[in-house]
Amino acid sequence: MNVCIPLLGVKSEEDISGFLTKDLEVIKPSLEGWEFLNQPEVFSEQQRQGIPMMVNEENIPYCIQFTLEDIEDKSNVQRKKELIKITEQVVLSLQLYKEGWFFNPQQYQLFFVLNENGVFKGRYTGPFRQINFDQFNGLFPKQYYLNKNDLTINNAMIMNTPFANTYKIVSDYNSITPNSSVDYAIKNFRMSYNLFGGYSHRVNFLFTMIDCILGDLKARKIHKTQVNVRFLQRANIILSDYPNCDDEINWLVSDAGKDNYKSSTEWKLIGARVYRNLIAHGNAEDADFLIHVNEHFERIQNIARHLLKKYILFYFFTETKPDQYNKLNFSNDKLLSEKFYLFIEGVKEQKIAHIELLNNINRFIC
């Protein structure tokens with residue numbers, strides 16, 4: 001079964017086509033092809049309304065196309081379940097790969113063609129399949145850009161490309177028993193892409209995700225484990241390979257400008273901790289404005305993105321590499337967040353096994 005996932009919001013500075021992985025091809029349908037995928041009456045109505053996306057080829061969205069094997073004989077419910085699973089995997093991989101917003105295709109619609117003769121089979125529609133993006137002018141976050149360097153024209157040549165590595169992080173995690181802490185962190189990260197929430201709502205999801213992984217800024221314990229390494233140190237250790245790590249982590253925990261944030265002369269000096277406190281204490285509208293003025297949403301999300309990849313990889317390695325895991329000497333009754341803290345503490349104490357694992361995680365991401 002051939003599947004087509006439209007990526008509304010994805011942009012490129014030039015026309016592109018090619019492969020993200022061996023199985024995932026990026027295409028841009030022709031006007032006729034896009035009409036074929038949509039219901040004719042929907043297409044005609046959108047043309048009648050003059051919705052730009054549907055009027056000319058320039059505004060037709062890029063799509064990801066792939067094939068699902070051995071699915072033709074499954075029931076419609078089973079087929080949809082498989083399709084949703086792979087779509088979620090693709091979407092999360094794109095979100096973890098680089099910054100930028102695009103509309104979750106599950107909220108729009110997914111298309112599929114059942115056989116090699118191109119006989120159209122159907123679509124799974126979401127609640128916003130007839131959305132008109134014109135109404136969001138000026139409210140969009142920074143949009144997602146793909147370029148030729150992200151793709152290859154020969155899928156047989158794909159090795160360890162940056163996207164292929166990110167896709168492997170997600171697919172490897174999906175291949176093992178899920179962990180509720182990792183799932184919760186992923187859910188909050190994905191919620192930061194909500195087009196219909198303000199910046200304060202989206203940033204709040206990111207702060208929740210960061211706390212889920214690293215513990216609270218002032219935490220004395222993570223579950224039953226005593227905390228001896230301060231939050232700033234924990235973040236600096238696990239994100240040591242992040243660009244401008246010291247400056248970015250210091251900014252993340254800083255409450256600079258908390259007393260004068262309404263003064264325009266102080267706006268550029270505001271630390272990320274001020275946003276968190278404004279949101280928590282009932283001043284979300286002020287946080288919305290300041291995050292927008294300072295263009296700080298992507299800055300916070302980029303830190304969260306890098307941290308989440310580390311957390312997923314940590315869980316995967318500890319679940320699938322028993323020889324390496326046993327060297328860490330974790331008690332089996334510890335929760336994942338406790339183990340992650342003890343892992344960071346071990347790196348700080350220069351324990352060889354802990355440093356080797358961090359190096360392996362960093363190499364995989366790079």
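Since the model is a prediction, treat every value here as computed from it, not as a measurement. Numbering starts at 1 and runs along the sequence shown.
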- Query: Ignoring hydrogens and geometry, is there a side-chain-to-backbone donor-acceptor pair from Lys348 to Ile237 under 3.5 Å?
  - Reply: no
- Query: Would Arg202 count as a cation-pi partner of Tyr199, with NZ or CZ less than 6.0 Å from the six-membered ring centre and within 45° of the ring normal?
  - Reply: yes
- Task: To the nearest 0.5 Å, tell me how far His281 NE2 sits from Asp286 CG.
- Result: 13.5 Å
- For atom CG of Asp333, decide whether the heavy atoms of other residues, nucleotides or ligands shown that lie under 6.0 angstrom number more than 12. yes
- Message: Looking at Tyr145, I'd like to know if the NZ or CZ of Lys11 sits under 6.0 Å from its six-membered ring centre while staying within 45 degrees of the ring's axis.
- Response: no
- Message: With side-chain contact (heavy atoms from CB on, under 4.5 Å) as the criterion, how do Leu342 and Leu328 come out once you've worked through the C-alpha distance, each side chain's angles and the decisive distance to 0.1 Å?
- Response: CA-CA 9 Å; Leu342 292 170; Leu328 301 174; over 6 Å; no
- Query: Going hydrophobic residue to hydrophobic residue with side-chain gaps under 4.5 angstrom, can you get from Ile27 over to Leu151?
  - Reply: no
- Message: Pair Tyr242, Ile249 - check side-chain contact (heavy atoms from CB on, under 4.5 Å), show working.
- Response: CA-CA 9 Å; Tyr242 188 74; Ile249 301 306; 5.7 Å; no
- Query: Donor-acceptor pair, Asn204 side chain versus Ser200 backbone, under 3.5 Å?
  - Reply: no
- Task: Check for a donor-acceptor pair, side chain of Arg305 on one end and backbone N or O of Gln95 on the other, with a separation under 3.5 Å.
- Result: yes
- Count the heavy atoms belonging to other residues, nucleotides or ligands that lie under 6.0 Å from NE2 of His201, then report whether that count exceeds 12. no
- Salt-bridged, Lys321 to Asp172, with N to O below 4.0 Å? no
- Query: In this structure, are over 12 heavy atoms from other groups packed under 6.0 Å from Glu295 atom CD?
  - Reply: no
- Out of curiosity, does Phe205 fall in the hydrophobic cluster containing Ile279 (side-chain heavy atoms, cut-off under 4.5 Å, transitive links)? no
- Message: I want to check something: taking the side chain as every heavy atom from C-beta on, are Ile361 and Phe343 in contact at a cut-off of under 4.5 Å?
- Response: yes
- Query: Backbone N or O of Glu25 within a donor-acceptor pair of the Gln65 side chain at under 3.5 Å?
  - Reply: no
- Message: Given 3.5 Å as the limit, does a donor-acceptor pair link the side chain of Trp251 with the main chain of Asp246, or not?
- Response: no
- Candidate pair Asp216 and Arg276, rule salt bridge (Lys or Arg N to Asp or Glu O under 4.0 Å), full reasoning: CA-CA 12 Å; Asp216 184 72; Arg276 181 193 177 109; 3.6 Å; yes
- When rounded to the nearest 0.5 Å, the distance separating CG of Leu217 from CG of Leu232 is 8.5 Å
- Report yes or no: does Lys310 contribute a side-chain atom to a donor-acceptor pair with the main-chain N or O of Ile238 at less than 3.5 Å? yes
- Message: Within this structure, what is the CG-CG distance for the pair Asp183 and Asn188, rounded to the nearest 0.5 Å?
- Response: 11.5 Å
- Query: Between Glu345 and Lys351, is there a salt bridge with N-O shorter than 4.0 Å?
  - Reply: no
- Has the side chain of Ser331 got a donor or acceptor atom that lies under 3.5 Å from a matching backbone atom of Lys334? no
- Query: Counting only N and O atoms by type, is there a donor-acceptor contact under 3.5 Å from the side chain of Tyr341 to the main-chain atoms of Arg234?
  - Reply: no
- On the 0 to 90° scale, with breaks at 30° and 60°, tag the Phe163-Tyr97 ring pair as parallel, tilted or perpendicular. perpendicular
- Going only through I, L, V, M, F, W and Y residues with side-chain contacts under 4.5 Å, is there a path from Val182 to Ile365? yes
- Should the heavy atoms of other residues, nucleotides or ligands under 6.0 Å from CD of Glu349 be counted, would the total exceed 12? yes
- Query: Between Glu14 and Lys148, is there a salt bridge with N-O shorter than 4.0 Å?
  - Reply: yes
- Reported CD1-to-CZ distance for the pair Ile169 and Phe316, which is rounded to 0.5 angstrom: 10.5 Å
- Dump the intermediate steps for side-chain contact (heavy atoms from CB on, under 4.5 Å) on Leu96 and Ile312, then the final yes or no. CA-CA 11 Å; Leu96 288 174; Ile312 296 172; 4.2 Å; yes
- Task: Kindly indicate whether the side chain of Glu88, heavy atoms from C-beta on, has any atom under 4.5 Å from the side chain of Leu92.
- Result: no
- Shared hydrophobic cluster for Ile213 and Phe317 (ILVMFWY, side-chain gaps under 4.5 Å): yes
- Message: Working note: Leu357 + Phe314, criterion side-chain contact (heavy atoms from CB on, under 4.5 Å); need CA distance, chi angles, decisive distance, verdict.
- Response: CA-CA 8 Å; Leu357 178 55; Phe314 172 77; 3.9 Å; yes
- Message: Can you confirm whether more than 12 heavy atoms, excluding those of Lys327, are under 6.0 Å from its NZ atom?
- Response: no
- Relative to each other, are the rings of Phe102 and Tyr144 parallel, tilted or perpendicular (30° and 60° limits)? perpendicular
- For the pair Asp150 and Lys98, find out whether any cationic side-chain nitrogen is under 4.0 Å from an anionic carboxylate oxygen. yes
- Euclidean distance, Leu20 CG relative to Phe66 CZ, rounded to 0.5 Å: 12.0 Å
- Short question: side chain of Glu338, backbone of Leu335 - any donor-acceptor pair under 3.5 Å? yes
- Message: Just verifying a value: how many Å separate Thr166 OG1 and Lys168 NZ, rounded to the nearest 0.5 Å?
- Response: 12.0 Å
- Message: Quick one: does any side-chain atom of Tyr173 pair with a main-chain N or O of Asn179 as donor and acceptor, under 3.5 Å?
- Response: yes
- Message: Let me check something: do Tyr184 and Tyr193 share a hydrophobic cluster, defined by ILVMFWY side-chain heavy atoms less than 4.5 Å apart, either directly or through other members?
- Response: no
- Message: Tell me whether the rings of Phe103 and Trp101 are parallel (<30°), tilted (30 to 60°) or perpendicular (>60°).
- Response: tilted
